[in-house]
Amino acid sequence: AQTVTQSQPEMSVQEAETVTLSCTYDTSESDYYLFWYKQPPSRQMILVIRQEAYKQQNATENRFSVNFQKAAKSFSLKISDSQLGDAAMYFCAFHYNQGGKLIFGQGTELSVKP
Amino acid sequence: ETGVTQSPTHLIKTRGQQVTLRCSSQSGHNTVSWYQQALGQGPQFIFQYYREEENGRGNFPPRFSGLQFPNYSSELNVNALELDDSALYLCASSGKTSGLSTDTQYFGPGTRLTVL
């Protein structure tokens, strides 16, 4: 069965510093897509970054980058220069066929201290 | 280009009642997926509709049903509501649109359902 595990229920970071959120997953598929979504208190799930499993290069979106280790089935999110607006619940997710169902982890709640 | 919208924002029902939740997909998207998110949990996949046909279903009973219309908007219907159905219901759309891939799902703001 495909599963996603986020081992850090809560994380805290000082404003302007860097934080890394962990995610591991389990799948027997070789082609899949990985995502990080952010869910602020407003509840809307917002896409942060995506990674295709067949690409070796790690995805980057401004202050957000991933460390994708396919053999280890690890997909961590690094947030640089953390801002107060980054405070939210972060979910790691994947699907193994194009447009298929997303499988989510339990989430990591990130707080940012001024 | 409009994003994914959902209605209503909040809803309170009593056990045994029926409810319909609505979702309008992002312009150009032809696929809608529904998720249930219990408090403190990650979203769980309910089902997906592609071009008006069900295209995959999660581990939810038949009292959860759906519909997709020719304009790709969608409804989620839940019959015989139970207390455990209290959750945030999220709709996500995906599909080919100019410059974007087919595999990324974009979410609406959700409907908070409370069953008393």
Side-chain angles (χ1 to χ4, degrees), chain A residues 1-10 21-26 29 31-55 59 61 66 75 77 88-110, chain B residues 3-6 8-11 23 25-26 28-51 53-60 66 72 87-97 100-113:
Chain A
Q2 286 87 4
T3 58
V4 178
T5 302
Q6 295 178 248
S7 59
Q8 307 153 315
E10 299 176 354
L21 308 184
S22 301
C23 172
T24 58
Y25 58 93
D26 187 24
E29 303 291 331
D31 187 20
Y32 47 88
Y33 304 80
L34 293 157
F35 304 86
W36 279 97
Y37 284 91
K38 165 186 176 181
Q39 188 176 40
S42 66
R43 308 175 326 198
Q44 180 135 19
M45 197 75 75
I46 301 165
L47 177 69
V48 174
I49 200 165
R50 61 187 289 272
Q51 173 85 42
E52 295 91 338
Y54 62 85
K55 290 186 177 178
E61 287 287 342
V66 299
F75 183 60
L77 174 70
M89 185 72 84
Y90 285 80
F91 289 98
C92 176
F94 90 101
H95 66 71
Y96 61 86
N97 59 340
Q98 198 173 61
K101 71 174 185 179
L102 281 167
I103 299 168
F104 285 85
Q106 293 292 87
T108 296
E109 185 165 11
L110 177 67
Chain B
V4 181
T5 60
Q6 291 186 244
T9 306
H10 298 90
L11 205 51
C23 170
S25 59
Q26 187 167 311
H29 285 182
N30 54 21
T31 302
V32 172
S33 303
W34 286 92
Y35 296 84
Q36 180 195 67
Q37 185 178 19
L39 199 60
Q41 305 288 320
Q44 297 291 317
F45 175 74
I46 303 174
F47 44 55
Q48 182 181 87
Y49 279 84
Y50 170 67
R51 294 187 175 181
E53 298 286 333
E54 188 176 290
N55 182 44
R57 188 180 181 90
N59 189 27
F60 280 82
Y72 303 128
L88 179 67
Y89 288 85
L90 296 166
C91 163
S93 78
S94 56
K96 190 83 173 173
T97 186
L100 295 177
S101 68
T102 59
D103 59 83
T104 300
Q105 297 185 22
Y106 295 90
F107 285 82
T111 294
R112 171 73 66 190
L113 173 65

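Convention: sequence-line order gives letters A, B, ...; per-chain numbering from 1.
Using a 4.5 Å cut-off between heavy atoms, A:Leu102 touches chain B through backbone and side chain atoms alike. Contact of B:Phe47 with chain A is not made at all, since no heavy-atom distance falls under 4.5 Å. Only the side chain of A:Gln39 comes within less than 4.5 Å of a heavy atom of chain B; its backbone N, CA, C and O stay farther away. Heavy-atom distances place no part of B:Ser93 under 4.5 Å from chain A, backbone and side chain included. Contacts between B:Gln37 and chain A at a heavy-atom distance below 4.5 Å involve the side chain alone, from C-beta outward.
Interface summary for chain A: among B:Gly56, B:Pro43, B:Gly40, the most heavy-atom pairs under 4.5 angstrom belong to B:Pro43.
Atom OG of residue B:Ser94 and atom NE2 of residue A:His95 lie 7.5 Å apart, to the nearest 0.5 angstrom. Taking CD1 from B:Ile46 and NZ from A:Lys101, the interatomic distance works out to 12.5 Å, rounded to the nearest 0.5 Å. Separation of atoms OH (B:Tyr106) and CG (A:Leu47) is listed at 5.5 Å; rounding is to 0.5 Å. Rounded to the nearest 0.5 Å, atoms OH (A:Tyr37) and CZ (B:Phe107) are 5.0 Å apart. Rounding to the nearest 0.5 Å gives a distance of 9.5 Å between CE of A:Met89 and CD of B:Gln41.
Closest non-hydrogen pair, A:Phe91 versus B:Gly42, comes out as CE2-CA, 3.4 Å.
For B:Tyr72, the side-chain contact (heavy atoms from CB on, under 4.5 Å) partners two or more places apart in sequence, or in a different chain, are B:Ser25, B:Asn30, B:Arg51, B:Gln68.
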| field | From CA spacing to verdict: side chain to side chain contact (heavy atoms under 4.5 Å, CB included), A:Tyr33, B:Gln105 | value | CA-CA 11 Å; A:Tyr33 304 80; B:Gln105 297 185 22; over 6 Å; no

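Around atom CD of B:Gln44, no more than 12 heavy atoms belonging to other residues, nucleotides or ligands sit under 6.0 Å away.
Under the 3.5 Å distance criterion, the side-chain polar atoms of A:Arg43 are matched with a main-chain donor or acceptor of B:Gly110.
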